[in-house]
Protein chains: 2
Amino acid sequence: METLTIGKVAKQTGVGIETIRFYERQKLIDPPPRSASGYRQYPDTTVQRLHFIRRSKKLGFSLKEIRELLELHADPQATCGDIRQRAERKLADINKRIDDLEKMRGSLEILLASCSSNGTSMECPVMQAITGE
Amino acid sequence: METLTIGKVAKQTGVGIETIRFYERQKLIDPPPRSASGYRQYPDTTVQRLHFIRRSKKLGFSLKEIRELLELHADPQATCGDIRQRAERKLADINKRIDDLEKMRGSLEILLASCSSNGTSMECPVMQAITGE
DNA sequence: CTTGACTCTGTAGTATAGTACAGAGATTAT
DNA sequence: ATAATCTCTGTACTATACTACAGAGTCAAG
């Protein structure tokens with residue numbers, strides 16, 4: 001099997017070299033075998049692993065959660081239901097965050113509607129609203 | 001004018017003592033006068049200021065942005081339009097975050113729809129989708 | 001064979017928003 | 001008077017996700 005240096009893996013995945021080493025320290029990727037001089041020699045599967053991490057991040061999972069997903073993936077005792085549970089929890093989590101942001105948006109829109117952009121900052125209705133008058 | 005110790009201010013605002021001192025270091029509240037023994041003696045306006053900070057945070061502003069809002073508020077040259085601009089930028093910012101989260105939600109929902117919760121984690125369609133097969 | 005590019009380890013710094021002490025002095029309550 | 005509570009400074013630590021070196025060694029190209 002062919003092996004890749006860390007720079008090759010970085011190029012193939014778009015993940016920075018320092019970040020790859022960081023992920024190793026964080027136990028998101030296995031420490032690869034080393035050459036005689038100590039260079040990391042990555043198998044192809046590491047490239048797949050990094051893609052997995054990138055995709056999971058896009059879905060909103062934290063590195064800690066991704067590590068847990070990977071552990072589940074590797075655990076023969078783990079079930080599909082376990083995975084589903086994580087995904088559902090994350091979905092609930094995302095919904096909560098959207099909710100919070102929508103509340104912020106609503107408040108900001110109300111404030112902005114009251115503002116005609118005239119006068120000084122002290123007279124600004126937006127500012128007054130936040131100040132609490 | 002009556003003055004308040006840091007503990008009183010904390011109680012009145014719900015902001016922790018350590019956090020109040022932290023905000024002072026971050027220049028979000030003015031360093032108050034001190035008693036002979038060095039105790040901070042807060043004017044009432046500090047309580048208002050802390051409420052302002054809390055409300056701004058609820059609207060999604062970072063501490064750095066709040067500091068800028070406060071500077072605008074204090075600047076006689078600043079206009080209501082300046083404030084409005086910040087609020088509009090924040091609104092755009094929030095909309096972007098909502099958008100990103102909605103994309104995550106959409107993807108997660110699709111993944112979850114494909115999962116019947118049967119079998120091992122390796123067979124899980126959610127996992128397979130993230131893995132990229 | 002030398003130069004430039006690559007990789008190594010280990011440590012430290014970035015940003016955000018606090019939180020947690022230790023050890024000393026001040027104030028309040030009983 | 002003494003104990004309990006409060007406050008002080010300064011430093012360090014939390015979590016998250018990287019990013020940036022320094023200084024040394026290694027590999028590939030001309």
Side-chain angles (χ1 to χ4, degrees), chain A residues 2-29 31-43 46 49-50 52-70 90 93-94 97 100-101 104, chain B residues 2-29 31-43 46 49-50 52-70 90 93-94 97 100-101 104:
Chain A
E2 251 182 296
T3 62
L4 304 159
T5 61
I6 197 167
K8 299 263 175 62
V9 174
K11 222 164 240 169
Q12 274 188 38
T13 59
V15 177
I17 288 175
E18 310 270 12
T19 304
I20 294 172
R21 288 197 280 248
F22 171 72
Y23 285 166
E24 183 180 323
R25 288 199 296 283
Q26 300 300 304
K27 308 224 178 285
L28 289 167
I29 56 180
R34 301 297 186 105
S35 71
S37 57
Y39 280 26
R40 287 173 180 80
Q41 296 178 302
Y42 289 104
T46 299
R49 172 65 60 98
L50 285 169
F52 179 94
I53 294 170
R54 264 200 352 175
R55 284 194 201 98
S56 304
K57 276 172 62 61
K58 265 200 186 155
L59 291 171
F61 290 98
S62 69
L63 295 189
K64 188 181 172 201
E65 288 163 340
I66 295 169
R67 184 168 45 239
E68 288 165 8
L69 284 179
L70 289 165
K90 182 50 60 183
D93 198 88
I94 286 169
R97 278 154 73 194
D100 289 347
L101 286 167
M104 290 180 196
Chain B
E2 251 181 295
T3 62
L4 303 159
T5 62
I6 196 165
K8 299 264 175 62
V9 174
K11 222 163 239 170
Q12 275 188 36
T13 59
V15 177
I17 287 175
E18 311 270 10
T19 304
I20 294 172
R21 288 197 280 248
F22 171 71
Y23 285 167
E24 183 180 322
R25 287 200 295 284
Q26 299 301 305
K27 309 220 178 286
L28 288 167
I29 56 181
R34 302 297 187 104
S35 72
S37 58
Y39 280 27
R40 287 173 180 81
Q41 296 177 302
Y42 289 103
T46 299
R49 171 65 61 98
L50 286 168
F52 179 94
I53 294 170
R54 263 198 354 175
R55 285 194 201 99
S56 303
K57 275 173 64 60
K58 265 199 185 155
L59 291 171
F61 289 97
S62 69
L63 296 189
K64 189 183 171 201
E65 290 163 338
I66 295 170
R67 183 167 47 235
E68 287 164 8
L69 284 179
L70 289 165
K90 182 49 62 184
D93 198 89
I94 287 170
R97 278 154 73 194
D100 289 348
L101 286 167
M104 290 181 194

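Sequence lines set the chain letters: A, B, ... in the order given, protein chains first and strands last, and positions in each chain run from 1. These figures come from a predicted structure and were not determined experimentally.
Of all heavy-atom pairs between A:Arg49 and A:Ile29, the closest is CG-CG2, 3.3 Å.
Of the two residues contacting DNA chain C, namely A:Arg34 and B:Ile53, the nearest-nucleotide position lying further toward the 5' end is that of A:Arg34. In terms of position along DNA chain D, the nucleotide closest to A:Phe22 lies nearer the 5' end than the nucleotide closest to the other residue of the pair A:Ala36 and A:Phe22.
Across all strands shown, B:Ser35 has no heavy atoms under 4.0 Å from either base or sugar-phosphate atoms.
Rounded to an integer number of Å, the gap from CZ of A:Phe61 to C1' of D:dA17 is 17 Å. When rounded to the nearest whole Å, the span between CG of B:Asp93 and P of C:dT16 equals 13 Å. Separating the CD atom of B:Glu24 from the C1' atom of C:dG18 is a distance of 16 Å, rounded to the nearest angstrom. The separation between B:Arg25 atom CZ and D:dG10 atom C1' is 9 Å, rounded to whole Å. In this structure, B:Ile20 places its CD1 atom 11 Å from P of C:dT19, rounding to the nearest Å. Rounded to an integer number of Å, the gap from B:Lys27 NZ to C:dA17 P is 17 Å. In this structure, the CD1 atom of A:Ile29 is 12 Å from the P atom of D:dC18, given to the nearest Å. One atom, CD1 of B:Ile6, and another, P of C:dT27, lie 16 Å apart when rounded to the nearest Å.
At the phosphate of C:dG18, OP1 or OP2 sits under 4.0 Å from a side-chain N or O atom of B:Tyr23. Regarding contacts with the backbone of C:dT19, a side-chain N or O of B:Thr19 is found under 4.0 angstrom from either OP1 or OP2. Between B:Ser37 and D:dC8 there is no side-chain polar atom (N or O) within less than 4.0 angstrom of OP1 or OP2. Between B:Arg40 and D:dC8 there is a side-chain polar atom (N or O) within less than 4.0 angstrom of OP1 or OP2. Side-chain nitrogen and oxygen atoms of B:Tyr39 include none within less than 4.0 Å of the OP1 or OP2 phosphate oxygen of C:dG25. Within the structure, every side-chain polar atom (N or O) of B:Lys57 is placed at least 4.0 Å from both OP1 and OP2 of C:dT16. Contact between the side-chain N/O atoms of A:Thr5 and the OP1/OP2 oxygens of C:dT7 is found at a separation under 4.0 Å.
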Checking A:Asp100 against A:Arg97 for the salt bridge (charged side-chain N to carboxylate O under 4.0 Å, His left out) test, could you report, in this order, the C-alpha distance in whole Å, the side-chain angles of both residues, the deciding distance, and whether it holds? CA-CA 5 Å; A:Asp100 289 347; A:Arg97 278 154 73 194; over 6 Å; no

Stepwise side chain to side chain contact (heavy atoms under 4.5 Å, CB included) test for B:Arg34 and B:Arg40: CA-CA 5 Å; B:Arg34 302 297 187 104; B:Arg40 287 173 180 81; 3.3 Å; yes

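Listed nucleotides: D:dC18, D:dC8, C:dT9. Nearest to the side chain of A:Leu63: D:dC18.
Under the 3.5 Å distance criterion, the side-chain polar atoms of B:Arg67 are left unmatched by any main-chain donor or acceptor of B:Lys27.
With hydrogens and angles left out, the side chain of A:Gln26 and the base of D:dC18 share no donor-acceptor pair within 3.5 Å.
Counting only heavy atoms from C-beta outward, the side chains of B:Glu24 and B:Pro32 approach each other to under 4.5 Å.
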